[in-house]
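Each remark here refers to the structure printed beneath this line.
All values below were derived from every heavy atom in this structure, side-chain atoms included, with hydrogens, water molecules and symmetry-related copies excluded. Every chain is numbered from 1 and lettered A, B, ... according to where its sequence line falls, protein lines coming before strand lines.
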Number of protein chains: 2
Amino acid sequence: MNLKYSKQREAIKAFLMSRKDHPTADQIYTAVREDHPNISLGTVYRNLALLEEVGEIQRLHVNGNTDRFDADVSNHYHFVCDSCSCVQDIPMEMQVSLSAEAQKHFNGVIDYYNACFHGRCSDCKELQY
Amino acid sequence: MNLKYSKQREAIKAFLMSRKDHPTADQIYTAVREDHPNISLGTVYRNLALLEEVGEIQRLHVNGNTDRFDADVSNHYHFVCDSCSCVQDIPMEMQVSLSAEAQKHFNGVIDYYNACFHGRCSDCKELQY
DNA sequence: TCTAATATCAGTAATCGTTACTATTATTGT
DNA sequence: ACAATAATAGTAACGATTACTGATATTAGA
């Protein structure tokens, strides 16, 4: 793949690195537009796909409909609040033993896994459903 | 919620119970249409949402874009093949200790988690990428 | 520093999965 | 059998994403 520099791509990457909440493409678009008012939504999507392909960011599928993006490319645990739908990291070592255990019960080859915890975030834990 | 019987809903549920590969709404639509040629895609979506709400099926978000459906409503592990994209169950006890461990590193309340293993299914494990 | 090759862009149209709407049909309690 | 109303088929609309297109920006080489 033959990449050329672009300030739009740089702005997208920089914004993503500044955030820990794994924004959606549209949130990135809105944010980056403050410095680049003419940036197109298509440009955001294309660059997110490019950055993912190059391995500089990762795409998360934490809740179905809209993809989220993360500048931390390590495989780590996530949390989704069932009340406010916010997404956060869980700062905890990946337990690779779970893959090993699953392998005992599976006929193919298991390389890794993703896990997403659910419940109430610290802001929502006092609220009623 | 006040449900009335419908043969379409029954057909959807019956089909889903006969399958272990967690089909998409469109796959369900195509399959059920063999016995109910006039069924509408909207009817499939509406009944899947109803069945989910009533707790007779569950919706899976294993890989971003399209939802999958599972007549087994227990929380269990899934596997997605990175080669053919097939989805399977991993017949293994849920390790709730993972939630307990995550809770130590998280300020909110963790109720449960979903995990999705990745790798090569038994049909694909010999293939090259 | 100019130039040619080409990656990237903004803007817009198109696609895909899903949901909403509407007039008609089916189910169900009385 | 009937009235109330849930469910339907068909279609339009929606939100997220991708594809297209002619113009612009980057970059390597002369």
Between [atom2] of [N] and [atom1] of [X], the distance in whole Å:
| X | N | atom1 | atom2 | answer |
| --- | --- | --- | --- | --- |
| Q8(B) | dA26(C) | CD | C1' | 9 Å |
| D26(B) | dT15(C) | CG | C1' | 14 Å |
| L3(A) | dA25(D) | CG | C1' | 15 Å |
| L48(B) | dT8(D) | CG | P | 11 Å |
| N38(B) | dT25(C) | CG | C1' | 12 Å |
| E10(A) | dA25(D) | CD | P | 17 Å |
| Y29(B) | dT18(C) | OH | C1' | 14 Å |
| H36(B) | dA26(C) | NE2 | P | 12 Å |

Pairwise side-chain contact, Q58(A) with H76(A), heavy-atom cut-off 4.5 Å (strictly under):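 Counting from C-beta outward, Q58(A) and H76(A) do come under 4.5 Å.
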
Under the salt bridge (Lys or Arg N to Asp or Glu O under 4.0 Å) rule, what do E101(B) and K104(B) come out as? Steps first, then yes or no, please. CA-CA 5 Å; E101(B) 185 60 30; K104(B) 294 180 192 166; 3.0 Å; yes

Tell me whether the OP1 or OP2 atom of [N] has a side-chain N or O from [X] closer than 4.0 Å.
| X | N | answer |
| --- | --- | --- |
| T66(A) | dA16(D) | no |
| S40(A) | dG11(C) | no |
| N47(B) | dT8(D) | yes |

As a test of reading the structure: which of [options] is closest to the side chain of [X], going by heavy atoms?
| X | options | answer |
| --- | --- | --- |
| Y5(A) | dA9(D), dT17(D), dT27(D) | dT27(D) |
| N2(A) | dT8(C), dA10(C), dA7(C) | dA7(C) |
| D67(B) | dT18(C), dA10(C), dT8(D) | dT18(C) |
| R46(B) | dG11(C), dA9(D), dT27(C) | dA9(D) |

For Y45(A), answer base if it contacts any base atom (sugar-phosphate contacts may also be present), sugar-phosphate if it contacts only those atoms, and nothing otherwise; contact means non-hydrogen atoms under 4.0 Å.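 Answer is base: heavy atoms of Y45(A) come under 4.0 Å of a base.
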
In terms of the nearest nucleotide of DNA chain D, which residue is placed more toward the 5' end: I39(B) or K4(B)? K4(B)

Do the side chain of D70(B) and the main chain of I57(B) share a donor and acceptor less than 3.5 angstrom apart?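 No, D70(B) side chain to I57(B) backbone: no donor-acceptor pair under 3.5 Å.
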
Can you tell me how the ring of Y77(A) sits relative to the ring of F117(A), calling it parallel under 30°, perpendicular over 60° and tilted otherwise? perpendicular

Closest-nucleotide ordering on DNA chain C, the 5'-leading residue of S6(B) and F69(B): F69(B)

Would you say the side-chain atoms of T43(A) and R46(A) include a donor-acceptor pair closer than 3.5 Å?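 The answer is yes; a qualifying pair exists.
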
